[in-house]
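Proteins come first, then strands; the chains are lettered A, B, ... in the order of their sequence lines, and each starts at number 1.
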Number of protein chains: 2
Amino acid sequence: MAERGTHQRPGRWRSGAESRQRILQAARELFGRHGYGGTTVRAIATAAGVDPAMVFYFFGTKQGLLGAAIEMSDNIPPAIESIFTGGLDTIGERIVRTLLENLEKSDRTPLVMLTRSAPTDAQSEALLREFIDREITERLAALLGTPDAALRAGMVNVQILGLAVARYIVRIEPIASSSVDELVARFGPLVQHCLTGRTEPP
Amino acid sequence: MAERGTHQRPGRWRSGAESRQRILQAARELFGRHGYGGTTVRAIATAAGVDPAMVFYFFGTKQGLLGAAIEMSDNIPPAIESIFTGGLDTIGERIVRTLLENLEKSDRTPLVMLTRSAPTDAQSEALLREFIDREITERLAALLGTPDAALRAGMVNVQILGLAVARYIVRIEPIASSSVDELVARFGPLVQHCLTGRTEPP
DNA sequence: GTCTATAATTAGATAGAC
DNA sequence: GTCTATCTAATTATAGAC
């Protein structure tokens, strides 16, 4: 963690790790707010209070920084874990609530960073696709076990991406300003139906 | 069209309007594929087979070109019109089918262009928000007339954005490679439920 | 209308002093 | 580790010849 105070003592271990952390923090903030293409290394350095050269010293390239920023936001995995803790019959509500509460906390979640970056950055697009495949589609499909499990999981992904984009990126009303509880009440059952609901006969 | 190069070499009249059209066509293609921030004026000019300076001659600025590219893709309004032609009890399927068939045709629809551009370009974000508010939310809400009409319309917007992003931008499987019919069968009833379905009692 | 040339700015990235 | 200085390349945009 980032204590050791604000001591600036070159003699002591003025561990560059602190600068590294500040850079990562600023990067997550700006990548989350303006996307990869809309964020400059210089802006990140300024926000972190360090020199632009340090960014390259620590992370090599801008893409390297993005990669580190995503992996360092490691409070997401536990959140995802909690989704799968509990009965299948209430998983819809847990998915929506977990998603919204996490996005609410900050824009620094990998999901927002990548969703903002994917449209103009091919590598971000690939990272987001892999993230969703690995963390959501596969786990949901395994949980269901039905023949159409993958498609049902895909429908959930549509809800997740749609909510993230509508509420946090494009900010469409009234989705953007509804309360989390209101959205959970609306989308929880919807997601539940995607996973365990009956498909109408053609 | 309404062109006659005054007294220019009629060896092969490249009436300015033709260049203008070629630029718009290339702009829609590239904005749709890489977003506003990911597309350069030079790339558009090259794709259109004209000089970069012509782009500015016709459209002033890059943003001006984006605006023109969006308004010129005017095969969308009729499609939206067709959604509202028909009964309210089958509108869900019409929304999904119209959306997918239009996106299927090409990446040049305003929805894809703006959805790709919004995350890194503030002005595109505003354009997309206004487009959705005006063309979808307002019209759907007016059609419903219920107290929670706006929220129901918002849920449909989540479906629309989620589908567009999952299928055409991030290309998540199996949503990306499912047939239009399959998706209509899955999401049609879902959208219908968003609009006219019963909300569960708490 | 079309193109050449270029201005003005900005980006990512590197070298090297301290 | 940190910063100054800079290189290189690409960008939007303009002026002006033909």
Under the salt bridge (Lys or Arg N to Asp or Glu O under 4.0 Å) definition, can you give me all pairs with a residue in residues 169-183 of chain B, not counting sequence neighbours? A:E125-B:R171, B:R97-B:D181, B:E182-B:R186

Residue pairs involving residues 30-49 of chain A (criterion salt bridge (Lys or Arg N to Asp or Glu O under 4.0 Å); sequence neighbours excluded): A:E29-A:R33

Atom pairs, N/O to N/O, protein against nucleotides 8-14 of chain D, distance under 3.5 Å?
residue	atom	partner	partner atom	Å
D:dT12	OP1	B:V41	N	3.3
D:dT12	OP1	B:K62	NZ	3.3
D:dT12	OP2	B:V41	N	3.3
D:dA13	OP2	B:K62	N	2.9

Grab the [atom1]-[atom2] distance between [X] and [N] for me, whole Å please.
{"X": "A:F59", "N": "C:dT14", "atom1": "CZ", "atom2": "P", "answer": "16 Å"}
{"X": "B:D51", "N": "D:dC18", "atom1": "CG", "atom2": "P", "answer": "16 Å"}
{"X": "A:Q21", "N": "D:dG1", "atom1": "CD", "atom2": "C1'", "answer": "16 Å"}
{"X": "B:R22", "N": "C:dT2", "atom1": "CZ", "atom2": "P", "answer": "10 Å"}
{"X": "A:L65", "N": "C:dA11", "atom1": "CG", "atom2": "P", "answer": "15 Å"}
{"X": "A:M54", "N": "C:dT14", "atom1": "CE", "atom2": "C1'", "answer": "15 Å"}

Dot-bracket encoding of pairs in DNA chain C, which uses [ ] for pseudoknotted crossings and | for another strand, Watson-Crick or G-U under 3.5 angstrom: ||||||||||||||||||

Any side-chain heavy-atom pair from A:I91 and A:L140 closer than 4.5 angstrom? yes

Measure from the side-chain N and O atoms of B:Q192 to the backbone N and O of B:G197, and report whether any donor-acceptor pair falls under 3.5 Å. no

Under 3.5 Å donor-acceptor, B:R129 side chain and A:I172 backbone: no

Test item: side-chain donor near acceptor, B:T137 and B:N157, under 3.5 Å: yes

Holding to side-chain contact (heavy atoms from CB on, under 4.5 Å), I want the full list of residues that pass it with A:A142, two or more places apart in sequence or in another chain. none

With sequence neighbours excluded, give me every side-chain hydrogen bond (donor to acceptor under 3.5 Å, both in side chains) pair touching residues 78-88 of chain A. A:E81-A:R139

